[in-house]
Amino acid sequence: MPRLTSLLPRWLIQPDTRTVLEQHALLIEGERILAVLPVETARQQWPQAEEIPLPQHALLPGLINLHCHAAMTLLRGYADDLALMDWLQQHIWPAEGRHVSDEFVFDGTQLAIAELIAGGVTCTNDMYFHHDAVARAALDANYRMVVGCSILEFPTPYAADADAYIGRALACREQYLGEKLVSFTLAPHAPYTVSDATFRRVITLADELGMGIHCHIHETADEVANSVKEHGMRPLERLAGLGLLGSQLVAAHMVHVNDAEMALLARHGVHVAHNPASNLKLASGFAPVAALQRHGVNVGLGTDGAASNNKLDLFADLRLAALLAKAVDANPTALPAWDALQMATCNGAAALGLGEQIGSLRAGLQADVIAVNLAACSAQPCYDPVSQLVYASDRSQVSDVWIAGRRVLAGHQLCDAFADRALAAAQRWQARIAQHRNA
Ligand SMILES: [Zn+2]
């Protein structure tokens, strides 16, 4: 018999139906949520369950980070205060060319996972190279990772051309078929780094293999202007012509988007990953999140990589997204707390095609669950726990985390030793990378 655990929170939050339950228990059996029901009924039905009292806590589904480059934690603070193309071409791409390897990606991804778990993020939609190292890092840490396999036209130490990137992506996907915590998407980097022919190939493969696609789209005004110069049309029009738009696509950023394009995205069921901190730091602009939602586009929330945020803190970005949406829409009722919380939970799950597995707290779903302590002075008094979580909480209040039923954070402490190893590795990488940075 799998172990039975009964979580007894002060509030139990189901974002998909915007429900807050009190006096309810959440039963975990194995990797799944067995039941959500009144405490007394739970005790009668399953007297043998081990009870975990969480008397000052809100219980909610683990947050879902819809756009990240986890391994880039090792470049956190490496190059700040620069415009996107300068930052990429003069700093990030050369540093990646010098340092990125299986070892770099494994260590950087585990450093990211330690930060993500401690901050209540239980699933990350990643995009990077060395997919095998990302998958190994996630499985070793019992972390749910959607591994985006980067595809570019130009060579890096990882692959020589688009065909080679795609070949490595497919081989890696094959190797991990059947693993429950990791899955793979094809991740053509952006319209300005990927050719029409490669996009066509990606679309065909994604269709044949049932894979998702993850791509940066309309991140900066320059990207849009350059596409008009080079292709005679905006990137989204070009991608629509190629047949890329569909419900398998997660479009990261979508900052510069007009009404007709928002309608196009909605019509094709494209999902958008909104990255407010990264867009602010790189001065990319302000994604019109409220307008996207009015058009019916599903919008989730991402941190982007630690090199452009500089933290993988979805609680901070939840608050930022809710505040920013109001200013951008000149409307204080835009993106209310429930909508923001949905972005970081059930919307992210839907975008990844995982809506039947994660993103809320219901019987049958995977037990990806977090407990947030709302007893601190900064979170009291508490009239509305959802308001508190979005506007007045931070990640340091996350006390306990379960992923697929396994407790990975207990009383603010990570349960596995991988974080200590990742921390020691980060020190070694810092010494190595700093030498070149200062040279
Ligand atoms: Zn990105």
Side-chain angles (χ1 to χ4, degrees), residues 64-80 82-89 91-93 95-96 100 105 108-109 112 115-116 121 123-131 134 145-152 154 156 158 165 185-194 202 212-224 235-236 239 249-257 270-287 289 299-314 316-317 320-321 343-344 348 351-352:
I64 296 170
N65 186 356
L66 197 56
H67 179 65
C68 190
H69 313 281
M72 290 182 83
T73 47
L74 290 178
L75 297 173
R76 192 197 320 264
Y78 177 81
D80 293 324
L82 297 162
L84 175 68
M85 291 321 292
D86 184 20
W87 178 75
L88 275 178
Q89 290 171 348
H91 302 273
I92 295 300
W93 286 343
E96 288 181 332
V100 171
V105 172
T109 302
E115 181 182 1
L116 289 161
V121 184
C123 174
T124 291
N125 187 36
D126 199 57
M127 180 197 288
Y128 212 62
F129 313 99
H130 297 267
H131 327 126
V134 178
M145 187 76 88
V146 179
V147 183
C149 303
S150 284
I151 297 164
L152 296 163
F154 57 83
T156 64
Y158 186 60
Y165 289 103
T185 65
L186 295 169
H189 169 263
Y192 57 91
T193 47
V194 176
V202 165
I213 299 175
H214 184 186
C215 184
H216 297 99
I217 306 177
H218 285 212
E219 181 172 0
T220 64
D222 279 355
E223 173 193 338
V224 177
L236 204 62
L239 299 177
L249 175 64
V250 174
H253 300 300
M254 267 313 157
V255 172
H256 299 275
V257 59
V270 174
H271 311 277
V272 169
H274 174 45
N275 304 277
S278 171
N279 294 158
L280 285 173
K281 184 158 185 273
L282 294 167
S284 300
F286 308 98
V289 172
V299 183
L301 190 64
T303 57
D304 211 346
S308 65
N309 185 309
N310 289 0
K311 41 190 194 171
L312 307 181
D313 182 351
L314 220 49
D317 293 347
L320 185 59
M343 277 175 57
L352 296 173

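The chain is numbered in sequence order, starting from 1. Both counts, for ligands and for their atoms, begin at 1 and track the order of listing.
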Mutual orientation of the aromatic rings belonging to Trp93 and His189 [parallel < 30°, tilted 30-60°, perpendicular > 60°]: perpendicular

Heavy-atom donor-acceptor pair, Asn275 side chain to Ser278 backbone, under 3.5 Å: no

Backbone or side-chain N/O/S of Cys68 under 2.8 Å of the Zn ion (ligand 1): no

Donor-acceptor contact present, side-chain Thr124 to main-chain Asp126, <3.5 Å: no

Contact flag Asp304/the Zn ion (ligand 1), N/O/S atoms, threshold under 2.8 Å: yes

The Zn ion (ligand 1) reached by His253 (N, O or S, under 2.8 Å): no

The Zn ion (ligand 1) - name of the N/O/S atom of His216 that sits closest to it: NE2

Side-chain donor/acceptor of His253 to backbone N/O of His218, under 3.5 Å: no

